[in-house]
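Here is the structure we will look at.
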Amino acid sequence: TKLQVGDNIIDFKRPFKRVTMFDSIKEFTGIDISAMDEHQLRDVCKQLNIDVPGNIGKGKLIDEIFGAKCEGNYIQPTFITDYPVEMSPLTKKHRSKPGLVERFELMVNGKELANAYSELNDPIDQRERFEEQIKLMERGDDEAMFIDHDFLRALEYGMPPTSGIGIGIDRLAMIMTNNVSIQDVLFFPQMRPEEVKKAAVELKPEETKIIEEVKKLNQATIAILSENIGISKNQLQKLLNSLEERNLIKREGPIYSASN
């Protein structure tokens, strides 16, 4: 049941540890955020030196705190449970814990390996969740969801109790084969013609800053990039993953460098 992954020995023997989202944040920050509103969460981010955009809501703020202070600590398989409703617009409300939803994520080697939840099948509740997402979209959150009227109509006809799970097969393959680079476990990028790499790539301003900083430093870690650019580690990790998938940067262990 044990695997060597980099410098870590990961034991997949059951049962896996279970920790709620709020308990995890309290454990690694010493702060109980369970009853906080958006303004209080922004104060916590400031206190913890987590840089967050001004256009995101409560759910994203909690996600930023968890990503920056908690996620990387879970080397051994751990289920993170009881997510706040604001973080999961498609998930059914918890049947016994107000304000939470029935969702878990599996963390392994400091990263999310799986995400699962009970599907929301109440059309009235789902419409209200979509409307909250529209408010976030109007504030400038480009990851907020739109109102899917076809989906709502389908729910109004009826959907049975449903659950789903998504597993990061690429990350699982990296763990099973002890590879630190996603390129070593993905076959398809190796089949792309060379011309694709030379094609014009549209970059976000943050991505341009990251590439320029990596080139300037030659080699850099997430901690150094986060400090120099002023982006939270959680947001930075997502941007780095996207750049790596497009072969715009490369990674060897914790070190990032510019692609040739």
Worksheet item: Honestly curious: do L61 and L100 fall in one hydrophobic cluster under the side-chain, below-4.5 Å linking rule?
Response: yes

Worksheet entry | I25 vs K69, side chain to side chain contact (heavy atoms under 4.5 Å, CB included): CA-CA, chis, key distance, verdict | CA-CA 7 Å; I25 292 174; K69 300 298 181 179; over 6 Å; no

Item to complete: Please round to the nearest 0.5 Å and tell me the distance separating atom OG of S181 and atom CZ of R251.
Response: 6.5 Å

Worksheet item: Hey, does N73 have a side-chain heavy atom less than 4.5 Å from the side chain of F28?
Response: yes

Practice prompt. Measure the spacing between CG of D122 and CE of M159 and express it to the nearest 0.5 Å.
Written response: 10.0 Å

Response to the item:
Between I62 and P84 the two heavy atoms that sit nearest each other are CD1-CG, 3.7 Å

Worksheet item: Going through the checks in order, is the side chain to side chain contact (heavy atoms under 4.5 Å, CB included) test met by V108 and F12?
Response: CA-CA 9 Å; V108 180; F12 282 93; 3.9 Å; yes

Discussion item. Side chain to side chain donor-acceptor pair (under 3.5 Å), that's the test. Do D32 and S34 meet it? Break it down for me.
Written reply: CA-CA 6 Å; D32 183 0; S34 59; 2.7 Å; yes

Discussion item. So, taking the atom named CG in L225 and the one named CD in Q237, what distance separates them when rounded to the nearest 0.5 Å?
Written reply: 10.5 Å

Item to complete: Go through S88 and R103 one step at a time and tell me if the side chain to side chain donor-acceptor pair (under 3.5 Å) criterion holds.
Response: CA-CA 8 Å; S88 310; R103 175 186 175 189; 2.8 Å; yes

Item to complete: For atom NZ of K111, decide whether the heavy atoms of other residues, nucleotides or ligands shown that lie under 6.0 angstrom number more than 12.
Response: yes

Worksheet item: Heavy atoms, side chains only, cut-off 4.5 Å: are E143 and K60 in contact?
Response: yes

Worksheet item: Can you name the nearest heavy-atom pair linking L90 to R129, along with the distance?
Response: N-NH1, 4.2 Å

Worksheet item: Out of curiosity, does V101 fall in the hydrophobic cluster containing Y117 (side-chain heavy atoms, cut-off under 4.5 Å, transitive links)?
Response: no

Discussion item. So, taking the atom named CD1 in I10 and the one named CD1 in I175, what distance separates them when rounded to the nearest 0.5 Å?
Written reply: 5.0 Å

Item to complete: Considering only NZ, NE, NH1 and NH2 on the basic side and carboxylate oxygens on the acidic side, decide whether E131 and K135 come within less than 4.0 Å.
Response: no

Discussion item. Measuring only between side-chain heavy atoms, which start at C-beta, is F104 closer than 4.5 Å to N115?
Written reply: no

Item to complete: State plainly whether the residues E207 and K204 are in salt-bridge range, i.e. N to O under 4.0 Å.
Response: no

Worksheet entry | 4.5 Å side-chain heavy-atom contact, H39 and D37 | yes

Worksheet item: When clusters are formed by joining ILVMFWY residues with side-chain heavy atoms under 4.5 Å apart, either directly or through shared neighbours, do I169 and V180 land in the same one?
Response: no

Worksheet entry | Nearest heavy atoms of I50 and I65, plus distance in Å | CD1-CA, 3.8 Å

Practice prompt. Establish whether I255 and L240 are linked, either directly or via other cluster members, by ILVMFWY side-chain heavy-atom contacts under 4.5 Å.
Written response: no

Worksheet item: Which pair of heavy atoms, one from S257 and one from Q219, lies closest together, and at what distance?
Response: CB-CG, 4.4 Å

Fill in: side chain to side chain contact (heavy atoms under 4.5 Å, CB included) between D11 and Q76, intermediate numbers included
CA-CA 6 Å; D11 190 352; Q76 300 305 319; 3.8 Å; yes

Worksheet item: When you check the gap from the basic side-chain N to the acidic O, do R127 and D148 get nearer than 4.0 Å?
Response: no

Worksheet, complete the sentence: Output for pair (I231 CD1, K209 NZ), nearest 0.5 Å, gives 6.5 Å

Practice prompt. Check R95, K93, K92 against E102 for a salt bridge (charged side-chain N to carboxylate O under 4.0 Å, His left out) and give me the one that passes.
Written response: R95

Discussion item. If you count heavy atoms of other groups shown closer than 6.0 angstrom to CD1 of I165, is the number above 12?
Written reply: yes

Fill in: Heavy-atom check, side chain of H94 versus side chain of D82, under 4.5 Å
yes

Discussion item. If you compare all heavy atoms of S96 against all heavy atoms of P98, which two are closest, and at what distance to 0.1 Å?
Written reply: O-CD, 3.6 Å

Discussion item. Within this structure, what is the CG-CD distance for the pair L113 and E105, rounded to the nearest 0.5 Å?
Written reply: 10.5 Å

Discussion item. Set out, in order, the CA-CA distance, both residues' side-chain angles and the distance that settles ring-ring contact (aromatic ring centres under 6.0 Å, His included) for F79 and Y74, then state yes or no.
Written reply: CA-CA 9 Å; F79 288 118; Y74 293 109; over 10 Å; no

Practice prompt. Report yes if some heavy atom in the side chain of E212 is under 4.5 Å from a heavy atom in the side chain of K216; otherwise report no.
Written response: no

Discussion item. Between R246 and S242 (side chain of the first, backbone of the second, donor and acceptor by atom type, cut-off under 3.5 Å), is there such a pair?
Written reply: yes

Practice prompt. Could you tell me whether the side chain of E112 reaches within less than 4.5 Å of the side chain of L106, counting heavy atoms only?
Written response: no

Discussion item. Is there a side chain to side chain donor-acceptor pair (under 3.5 Å) between N178 and Q4? Walk through the geometry before answering.
Written reply: CA-CA 7 Å; N178 193 17; Q4 177 83 37; over 6 Å; no

Worksheet item: Can you tell if the side chain of F151 reaches within under 4.5 Å of the side chain of F130, non-hydrogen atoms only?
Response: yes

Worksheet item: Are the charged groups of K58 and E86 less than 4.0 angstrom apart, N to O?
Response: yes

Worksheet entry | Shortest non-hydrogen contact from L120 toward P89 | CD2-O, 4.1 Å

Discussion item. Hydrophobic cluster membership, with links at side-chain heavy-atom distances under 4.5 Å among I/L/V/M/F/W/Y: are I75 and M174 in one?
Written reply: no

Discussion item. Does atom CG (D7) have a neighbourhood of more than 12 heavy atoms from anything else shown, all under 6.0 Å?
Written reply: no

Item to complete: Would you check, one step at a time, whether the test side chain to side chain contact (heavy atoms under 4.5 Å, CB included) holds for T29 with L48?
Response: CA-CA 8 Å; T29 68; L48 298 174; 3.9 Å; yes

Discussion item. Taking CZ in R18 as the centre, count heavy atoms belonging to other residues, nucleotides or ligands within less than 6.0 Å. Is the count above 12?
Written reply: no

